[in-house]
There are 2 protein chains.
Amino acid sequence: MKSKAPQFKTRNLQQSRREILNAAFGEVFSKGFQGVSIDDILKKTTLTKGAFYHQFPTKLDLGYALVDEVIKPMIIDRWIAPLEKYENPLDGILVQMKTLIGGCEPAHLRLGCPLNNLVQEMSPIDKGFHKRLQIALNLWIDEMDKHLKRAKKSGFLKADVKTKQVAHFIVMSHEGFYGMLKGLDDPKIFTALYESMKRYFTTIES
Amino acid sequence: MKSKAPQFKTRNLQQSRREILNAAFGEVFSKGFQGVSIDDILKKTTLTKGAFYHQFPTKLDLGYALVDEVIKPMIIDRWIAPLEKYENPLDGILVQMKTLIGGCEPAHLRLGCPLNNLVQEMSPIDKGFHKRLQIALNLWIDEMDKHLKRAKKSGFLKADVKTKQVAHFIVMSHEGFYGMLKGLDDPKIFTALYESMKRYFTTIES
DNA sequence: ATGACAACATACTATATAGTATGTTAAATT
DNA sequence: AATTTAACATACTATATAGTATGTTGTCAT
């Protein structure tokens with residue numbers, strides 16, 4: 001009988017995996033994948049090396065899991081799902097930009113974007129990373145494209161606008177915003193970039 | 001008397017410095033600063049560890065020299081100086097984009113932009129890097145701004161356009177372009193981004 | 001209740017790497 | 001020409017780190 005109440009488990013594979021992934025995300029986010037050690041990650045955890053290598057065959061596999069199990073859902077959660085609430089997706093895009101980038105504390109902004117960081121650092125030097133990061137980027141672009149197609153159907157976009165092209169430019173701008181703010185470390189720059197983005201939007205709006 | 005012909009020197013401080021910096025640039029460009037070792041760099045060189053530490057007190061100092069002595073001049077050389085030939089700087093900006101990014105071989109494109117790579121990797125984790133990279137970025141932006149001010153005076157830009165804001169957006173786009181192409185590894189994307197950039201330009205042109 | 005195995009912990013190893021200590025030679029100075 | 005010193009080369013050290021080997025315990029099926 002499975003009528004027993006779900007007792008407190010001191011050992012739980014999936015829960016431990018999340019704990020490691022969460023700690024790894026923070027460490028990799030702030031120090032880079034090559035700059036962080038497995039011991040660093042485990043220090044931010046209640047677990048030890050045995051648990052780590054029970055979950056991940058190698059450090060690279062942890063990195064891959066970070067992309068698939070943390071970053072990809074985060075993209076959907078932060079940049080795609082919120083757009084559904086907006087009749088005009090373009091409004092949603094600007095609001096999310098202002099909220100998640102413009103409204104971000106400087107200390108956090110300095111760390112950049114988790115996806116962009118990994119793309120810049122790992123894409124050229126490891127094929128496994130490159131493949132997974134490419135999939136994550138294309139997920140972002142494709143989902144953005146869907147919303148733009150919806151916008152086009154609703155008449156918010158000019159008829160001749162190529163939505164995929166716009167999606168590419170929007171995602172590129174997100175990455176560029178993060179990179180720029182990371183390098184210049186001046187939150188005021190966001191306003192300049194945001195205003196330019198709005199200017200661009202006027203060229204595709206009907 | 002200094003009439004002696006400049007004989008072949010087997011030892012030359014500045015020449016050795018250049019040799020190390022050039023090798024380091026290539027290695028750091030392709031593997032990242034944290035991902036490359038001093039031994040890796042020296043292997044691409046006719047020199048050894050003695051020469052290295054005679055020039056640079058530490059690995060970080062090599063990184064700093066890379067920014068100041070290699071990357072900064074490269075920005076001026078590739079993105080700023082060429083604009084002087086153009087009556088309308090906006091034309092020059094698009095031509096340079098098409099030449100240096102669009103016309104870049106895929107294998108090389110996959111490595112991204114040397115400045116952007118270092119910004120993403122090192123800005124958050126080392127103050128010395130952050131300071132120097134910020135100076136390099138602002139150099140790029142300020143010089144771009146000068147050309148835009150010239151464009152404005154010549155009547156190529158609308159009177160209400162804030163040139164500094166545009167300069168920020170243009171430099172951000174360069175970084176974004178590189179980052180995007182690096183992550184997606186599809187040169188065809190450049191066209192999409194380039195077209196969007198031209199669209200943006202129509203909003204500031206008079 | 002009790003084996004059996006999964007889910008860990010601990011101790012260890014092999015290697016890579018930044019930096020150092022010291023030796024050597026070219027070349028300018030006198 | 002002799003001396004000195006800058007510009008290197010070579011050999012070594014200390015440490016960090018990915019990965020392994022092995023030991024221990026919680027949990028579940030029977």
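In what follows, every heavy atom counts, from backbone to side chain, and hydrogens, waters and symmetry copies are set aside. Residue numbers begin at 1 in each chain, while the letters A, B, ... track the order of the sequences. Keep in mind the model is a prediction, meaning the values are calculated, not measured.
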Problem set entry | Residue A/Tyr53, side-chain heavy atoms: nucleotide from C/dT20, D/dG19, C/dA9 that is nearest | D/dG19
Exercise. Tell me the salt bridge (charged side-chain N to carboxylate O under 4.0 Å, His left out) pairs involving residues 135-151 of chain A, sequence neighbours left out?
Worked result: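 Counting only pairs at least two positions apart or across chains, the salt bridge (charged side-chain N to carboxylate O under 4.0 Å, His left out) contacts touching residues 135-151 of chain A are A/Asp142-A/Lys164, A/Glu143-A/Lys146, A/Asp145-A/Lys149.
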Problem set entry | Residue pairs passing the salt bridge (charged side-chain N to carboxylate O under 4.0 Å, His left out) test where at least one lies in residues 105-125 of chain B, sequence neighbours excluded | B/Arg110-B/Asp185
Distance-only check: which donor-acceptor pairs under 3.5 Å involve side-chain atoms of residues 84-97 of chain A, not counting sequence neighbours?
{"unit_1": "A/Asn88", "atom_1": "OD1", "unit_2": "A/Leu90", "atom_2": "N", "d": "3.0"}
{"unit_1": "A/Gln96", "atom_1": "NE2", "unit_2": "A/Arg78", "atom_2": "O", "d": "2.8"}

Problem set entry | Earlier contact from the 5' end, DNA chain D, for A/Asp40 and A/Pro57 |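 Counting from the 5' end, the first nearest nucleotide belongs to A/Asp40.
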Gap between atoms [atom1] and [atom2], on [X] and [N] respectively (whole Å):
| X | N | atom1 | atom2 | result |
| --- | --- | --- | --- | --- |
| A/Leu42 | C/dC8 | CG | P | 12 Å |
| A/Phe52 | D/dG19 | CZ | C1' | 10 Å |
| B/Leu47 | C/dA26 | CG | P | 15 Å |
| A/Ile41 | D/dG19 | CD1 | C1' | 14 Å |
| B/Gln15 | C/dA27 | CD | C1' | 15 Å |
| B/Lys59 | C/dT20 | NZ | P | 15 Å |
| A/Phe56 | D/dA18 | CZ | C1' | 15 Å |
| A/Asp39 | D/dG19 | CG | C1' | 11 Å |

Exam field: side chain [X] to backbone [Y], donor-acceptor pair closer than 3.5 Å:
| X | Y | value |
| --- | --- | --- |
| A/Ser196 | A/Ala192 | yes |
| A/Gln134 | B/Leu184 | yes |
| B/Thr203 | B/Tyr200 | yes |

For this session: Can you sort out which residues in residues 25-35 of chain B have a heavy atom within less than 4.0 Å of DNA chain C? Ascending by number, please.
Result: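 By residue number: none to list.
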Problem set entry | Of residues 119-129 of chain A, the positions that come close to DNA chain C - non-hydrogen atoms, cut-off under 4.0 Å | none
Exercise. Under 3.5 Å, is there a donor-acceptor pair linking the side chains of A/Asn116 and A/Lys182?
Worked result: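 No pair is found: no donor N or O on one side chain lies under 3.5 Å from an acceptor on the other.
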Partners of [X] by ring-ring contact (aromatic ring centres under 6.0 Å, His included), sequence neighbours excluded?
| X | value |
| --- | --- |
| A/Phe129 | A/Phe33, A/Tyr64 |
| B/Phe201 | none |
| B/His174 | B/Trp79, B/Trp140 |

For this session: Can you run down the side chain to side chain donor-acceptor pair (under 3.5 Å) pairs that involve residues 40-54 of chain B, sequence neighbours left out, and say none if there aren't any?
Result: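 Every pair satisfying side chain to side chain donor-acceptor pair (under 3.5 Å) with a residue in residues 40-54 of chain B: B/Glu19-B/Thr46, B/Ser37-B/Asp40, B/Asp39-B/Lys49.
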Exercise. Counting heavy atoms not belonging to A/Lys162, are there more than 12 under 6.0 Å from its NZ?
Worked result: no
Exercise. How does each nucleotide of nucleotides 11-16 of chain D score, in 5' to 3' order, for protein heavy atoms under 4.0 Å: base (B), sugar-phosphate only (S), or none (-)?
Worked result: ------
Problem set entry | Near-ring test B/Phe29/B/His108, centroid separation under 6.0 angstrom | yes
Exercise. For the helix from C/dA1-D/dT30 to C/dT30-D/dA1, what angle lies between the axis at the first five pairs and the axis at the last five pairs, to 10 degrees?
Worked result: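 The end axes of the helix from C/dA1-D/dT30 to C/dT30-D/dA1 are about 10° apart, to the nearest 10°.
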Problem set entry | Reported OG-to-CG distance for the pair B/Ser30 and B/Leu111, which is rounded to 0.5 angstrom |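 The OG atom of B/Ser30 sits 6.0 Å away from the CG atom of B/Leu111.
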Exercise. At what distance, to the nearest 0.5 angstrom, does CG of B/Leu137 lie from NE2 of B/His130?
Worked result: 9.0 Å
Polar atom pairs (N or O), protein with nucleotides 4-7 of chain D, under 3.5 Å:
{"unit_1": "D/dA7", "atom_1": "OP2", "unit_2": "B/His54", "atom_2": "NE2", "d": "3.4"}
{"unit_1": "D/dA7", "atom_1": "N3", "unit_2": "B/Arg11", "atom_2": "NH1", "d": "2.6"}

Exercise. Just one of A/Asp68, A/Asp61, A/Asp126 clears the salt bridge (Lys or Arg N to Asp or Glu O under 4.0 Å) bar with A/Arg132, so which one?
Worked result: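 Going through A/Asp68, A/Asp61, A/Asp126 one by one, the salt bridge (Lys or Arg N to Asp or Glu O under 4.0 Å) with A/Arg132 is satisfied by A/Asp68 alone.
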